[in-house]
Amino acid sequence: QVTLVESGGGLVQAGGSLRLSCAASGRTRSNYDIGWFRQAPGKEREFVARISWLTSSISYADYADSVKGRFAISRDNAKNTLYLQMNSLKPEDTAVYYCAARRGTGSVQPGEYDYWGQGTQVTVSS
């Protein structure tokens with residue numbers, strides 16, 4: 001069982017930055033994906049970024065093209081916490097952001113993820 005608790009959302013002007021956090025109750029294991037998705041009103045949930053843990057010490061990050069170069073995903077294993085640093089924010093980044101995890105690696109489809117946080121609202125004004 002894994003519990004994910006998100007924080008860090010808020011209101012920011014275009015060009016600004018936010019850092020989202022996701023505290024996980026479980027410990028990092030090999031062959032797991034953990035990452036971020038977002039959903040705007042009336043839109044489908046979409047992939048943002050993920051980390052794939054191939055072993056206990058080797059991992060890789062993956063990003064959606066829309067956020068590549070602006071967002072950075074990272075982790076703190078000692079705190080069991082996942083972060084999303086969001087820079088150069090745009091109005092089109094406005095959405096509810098969710099952290100999620102799954103057993104196995106390589107998926108960017110929301111339906112393949114097993115555990116979800118409650119979501120945190122990010123609003124970017126122009």
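Every heavy atom of this structure was used, including side-chain atoms; hydrogens, water molecules and symmetry mates were not. A quick note: this is a predicted structure, and the numbers were derived from the prediction, not measured.
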Practice item. Return the set of residues passing side chain to side chain contact (heavy atoms under 4.5 Å, CB included) with K43 (not counting sequence neighbours), or none when no residue passes. Key: A40
Exercise for review: Could you pull out all residues at least two apart from Y63 that satisfy ring pair (Phe, Tyr, Trp, His ring centres under 6.0 Å)?
Suggested key: none
Practice item. Each residue besides L11 in its hydrophobic cluster should be listed here, by chain and number; the cluster joins Ile, Leu, Val, Met, Phe, Trp and Tyr at side-chain heavy-atom distances under 4.5 Å. Key: none
Practice item. Please test Y60 against I51 for side chain to side chain contact (heavy atoms under 4.5 Å, CB included), starting from the C-alpha separation and ending with a verdict. Key: CA-CA 6 Å; Y60 296 90; I51 295 174; over 6 Å; no
Check your understanding: Taking side chain as C-beta onward, heavy atoms only, is L84 less than 4.5 Å from F71?
Key -> yes
Practice item. Taking side chain to side chain donor-acceptor pair (under 3.5 Å) as the test, write out the residues that go with T123, two or more places apart. Key: Q121
Point to revise | Intermediate values then yes/no, side chain to side chain contact (heavy atoms under 4.5 Å, CB included), S17 and M86 | key: CA-CA 5 Å; S17 298; M86 309 165 68; over 6 Å; no
**Study point:** Cluster overlap W36 with F47, hydrophobic side-chain contacts below 4.5 Å
**Key:** no
Point to revise | disulfide (SG to SG under 2.5 Å): pairs with one or both residues in residues 37-75, sequence neighbours excluded | key: none
Revision key, fill the gap. With sequence neighbours left out, the residues meeting side chain to side chain donor-acceptor pair (under 3.5 Å) with R102 are none
**Study point:** Under the side chain to side chain contact (heavy atoms under 4.5 Å, CB included) test, residues paired with S66 that sit two or more places apart
**Key:** R38, A64
Review point. Quick check: are there more than 12 heavy atoms from other residues, nucleotides or ligands sitting under 6.0 Å from CD of Q118?
Key: yes
Check your understanding: Can you list every pair that meets side-chain hydrogen bond (donor to acceptor under 3.5 Å, both in side chains) and has a residue in residues 103-112, with sequence neighbours left out?
Key -> R103-Y115
**Study point:** Minimal non-hydrogen separation, L4 against A24, with atom names
**Key:** CD2-CB, 3.7 Å
Review point. Between OH of Y32 and CG of D114, what distance do you get to the nearest 0.5 Å?
Key: 8.0 Å
Review point. Going from CD on E6 to CG on L82, what distance comes out if it is rounded to the nearest 0.5 angstrom?
Key: 9.5 Å
Study note, to complete from the structure: Quick note, disulfide (SG to SG under 2.5 Å) partners involving residues 62-126, not counting sequence neighbours, are C22-C99
Study note, to complete from the structure: Residue set satisfying side chain to side chain contact (heavy atoms under 4.5 Å, CB included) with T3, at least two apart, ordered chain then number -> V5, S25
**Study point:** E44 CD: over 12 foreign heavy atoms closer than 6.0 Å
**Key:** no
Review point. Hey, what do you get for CZ (R70) to NZ (K68), rounding to the nearest 0.5 Å?
Key: 12.5 Å
Practice item. Answer with yes or no whether the side chains of R50 and S52 bring together a donor and an acceptor at under 3.5 Å. Key: yes
Review point. Taking only residues two or more places apart in sequence, or in another chain, which ones meet V124 in a side chain to side chain contact (heavy atoms under 4.5 Å, CB included)?
Key: V12, A14, L89, P91, D93, T94, V122
Revision key, fill the gap. Contacts satisfying ring-ring contact (aromatic ring centres under 6.0 Å, His included) that involve residues 82-113 (not counting sequence neighbours) are F37-Y113
